[in-house]
Amino acid sequence: MPRAAPSLRGPLRPAEIAHAAVMAALCAATSIMTALIPPVAALSVVGTVPMGLLAYRHRFRAFVAAAVAGSVMAFVVAGNGGASTVLSCAYIGGITGFVKRRGRGFATVMILALAAGVVAGIASVGALMVLSRLRELAFASMQANVDGVAAVMARVPVLHGLGDWIHRNFALALHLWPLFVGGSAIAGVLGMTVVGWWALSRVLRRLGEIPDVHKLDSGMDSGPVEPVPVHLRDVAYRYPGMGRNAVGPLTMSI
């Protein structure tokens, strides 16, 4: 008889734990690599695929477990940069996977992204209001970078006017920094979400055609597991329709 549909309540099941562990490790590995090797930072988008697939196929608690585990692993190895990359991948993958899972489209993604951007903007402005010395340090660093770019552009006759315009308007933006920081946070979240949705939705569409054939969930019987011990010798396993073994040969005793 077909197995009953799993309940949406209760602790993580074996299949969810296994998938969450593997997907967290994949996302953490890509985030650590991009944090330690800056030239390949663009590859951080690859980390959205395992998180998106997890959100697409499993419960929300499995997705949260993978996001927490992945961010902790990345923080231990690569610090704040690695952890923030994992959380960014979890955000993009999570919002894409859950929206695709419920059959919604781009409009729903934009509404959720706008709400997330507003929250991020309010949090950023609030943090900079409280941490005034950090705000001064950050703005001084940004001003130095802009001044350097403007100085380089001033030596190019074609770009001289553009450099002066950037210098003047950036000073005005720092004067109205709550609007600048809040607007930048909203625009950044919206842009990141749109790019992630465009790229990841196509990947999930292809991966959604692959059946979820895992057999890790426990059965309905509550009696003792038997017969034991079990001795295996040169045992292999092959998925239906495949031309090669997925596991094996394996020799072991249980």
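The figures that follow rest on heavy atoms only: side chains count, while hydrogens, waters and symmetry mates do not.
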Novice: Check which hydrophobic residues are tied to L131 through side-chain heavy-atom contacts below 4.5 Å, counting indirect links as well, and list them.
Specialist: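 For the cluster that includes L131, the remaining residues are V130, L134.
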Novice: May I ask you to test the W197-V99 pair for a side-chain heavy-atom distance under 4.5 Å?
Specialist: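 W197 reaches V99 side chain to side chain.
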Novice: Looking only at non-hydrogen atoms, find the nearest pair between A20 and A66 and report the distance.
Specialist: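 Minimum heavy-atom separation between A20 and A66: O-CB, 3.6 Å.
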Novice: V77 vs M73, test: side chain to side chain contact (heavy atoms under 4.5 Å, CB included). Steps then yes/no.
Specialist: CA-CA 7 Å; V77 178; M73 286 188 289; 5.9 Å; no
Novice: I'd like to know if the side chain of Y91 pairs up with that of T193 as donor and acceptor (distance under 3.5 Å, no hydrogens or angles considered).
Specialist: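 There is such a pair (donor and acceptor under 3.5 Å, judged by atom type) between the side chains of Y91 and T193.
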Novice: Within the 4.5 Å heavy-atom criterion, are T96 and T48 side-chain neighbours or not?
Specialist: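 The answer is no, as the side chains (C-beta and beyond) never meet within the 4.5 Å cut-off.
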Novice: Could you walk me through whether M153 and I166 pass side chain to side chain contact (heavy atoms under 4.5 Å, CB included), step by step?
Specialist: CA-CA 10 Å; M153 296 176 67; I166 293 176; 4.1 Å; yes
Novice: Considering non-hydrogen atoms only, spot the tightest contact between T30 and G47 and give its length.
Specialist: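 Result for this residue pair: OG1-CA, 3.5 Å.
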Novice: What are the two closest heavy atoms between A74 and A28, and how far apart are they?
Specialist: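 Nearest pair, atom of A74 first, then A28: N-CB, 4.4 Å.
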Novice: Answer yes or no: does atom CZ of R104 have more than 12 heavy-atom neighbours from other residues, nucleotides or ligands under 6.0 Å?
Specialist: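 Result for CZ/R104: open.
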Novice: Looking only at non-hydrogen atoms, find the nearest pair between H231 and S253 and report the distance.
Specialist: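 Smallest heavy-atom distance, with atoms named: ND1-OG, 2.9 Å.
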Novice: Are L54 and V49 linked, directly or through other ILVMFWY residues, by side chains that come within less than 4.5 angstrom of each other?
Specialist: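 In one cluster: yes.
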Novice: Starting from the C-alpha separation in whole Å, work towards a yes-or-no answer on side chain to side chain contact (heavy atoms under 4.5 Å, CB included) for W198 and V109.
Specialist: CA-CA 11 Å; W198 175 80; V109 171; over 6 Å; no
Novice: Output the distance between atom CD1 (I32) and atom SG (C27), rounded to the nearest 0.5 Å.
Specialist: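 Nearest 0.5 Å value for the CD1-SG distance: 9.5 Å.
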Novice: Answer yes or no: is there a side-chain heavy-atom contact under 4.5 Å between F170 and Q143?
Specialist: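 Answer yes - side chains close enough.
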Novice: Going from CZ on F106 to CD1 on I111, what distance comes out if it is rounded to the nearest 0.5 angstrom?
Specialist: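 The distance works out to 11.0 Å.
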Novice: Is T108 close to R102 at the side-chain level, that is, under 4.5 Å between some pair of heavy atoms?
Specialist: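 No, their side chains stay 4.5 Å or more apart.
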Novice: What distance do W177 atom CH2 and M142 atom CE have between them, rounded to the nearest 0.5 Å?
Specialist: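 Going from CH2 on W177 over to CE on M142, the span is 11.5 Å.
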Novice: Roughly how far, to the nearest 0.5 Å, is the CE atom of M110 from the CD1 atom of I95?
Specialist: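 Those atoms lie 9.5 Å apart.
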Novice: Can you get from I92 to V86 by hopping between Ile, Leu, Val, Met, Phe, Trp and Tyr side chains that sit under 4.5 Å apart?
Specialist: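 In one cluster with I92: V86, no.
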Novice: With side chains defined as the heavy atoms from C-beta onward, is the minimum distance between Y237 and N245 less than 4.5 Å?
Specialist: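 SC-SC contact between Y237 and N245 ruled out.
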Novice: Classify the ring geometry between F98 and F60 as parallel (under 30°), tilted (30 to 60°) or perpendicular (over 60°).
Specialist: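 Judged by the thresholds at 30° and 60°, the geometry between F98 and F60 is tilted.
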Novice: What are the two closest heavy atoms between R59 and L12, and how far apart are they?
Specialist: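 Smallest heavy-atom distance, with atoms named: NH2-CA, 3.8 Å.
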Novice: Are L172 and L179 linked, directly or through other ILVMFWY residues, by side chains that come within less than 4.5 angstrom of each other?
Specialist: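 No; L179 is not reachable from L172 via cluster members.
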Novice: Would a hydrophobic clustering, with Ile, Leu, Val, Met, Phe, Trp and Tyr connected at side-chain separations under 4.5 Å, put V118 with V125?
Specialist: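 No, it is not one cluster - the side chains of V118 and V125 are not joined through contacts under 4.5 Å.
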Novice: Side-chain heavy atoms nearer than 4.5 Å, only ILVMFWY residues, links allowed to pass through others: does that put V22 and L53 together?
Specialist: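 Hydrophobic grouping puts V22 with L53.
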Novice: Tell me, yes or no, whether the heavy-atom count around D234 atom CG, taken from other residues, nucleotides or ligands under 6.0 Å, exceeds 12.
Specialist: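 Check passes, neighbour count above 12.
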Novice: For residues M51 and C89, report the shortest heavy-atom separation together with the two atoms involved.
Specialist: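 Heavy atoms of M51 and C89 come nearest at CB-O, 4.0 Å.
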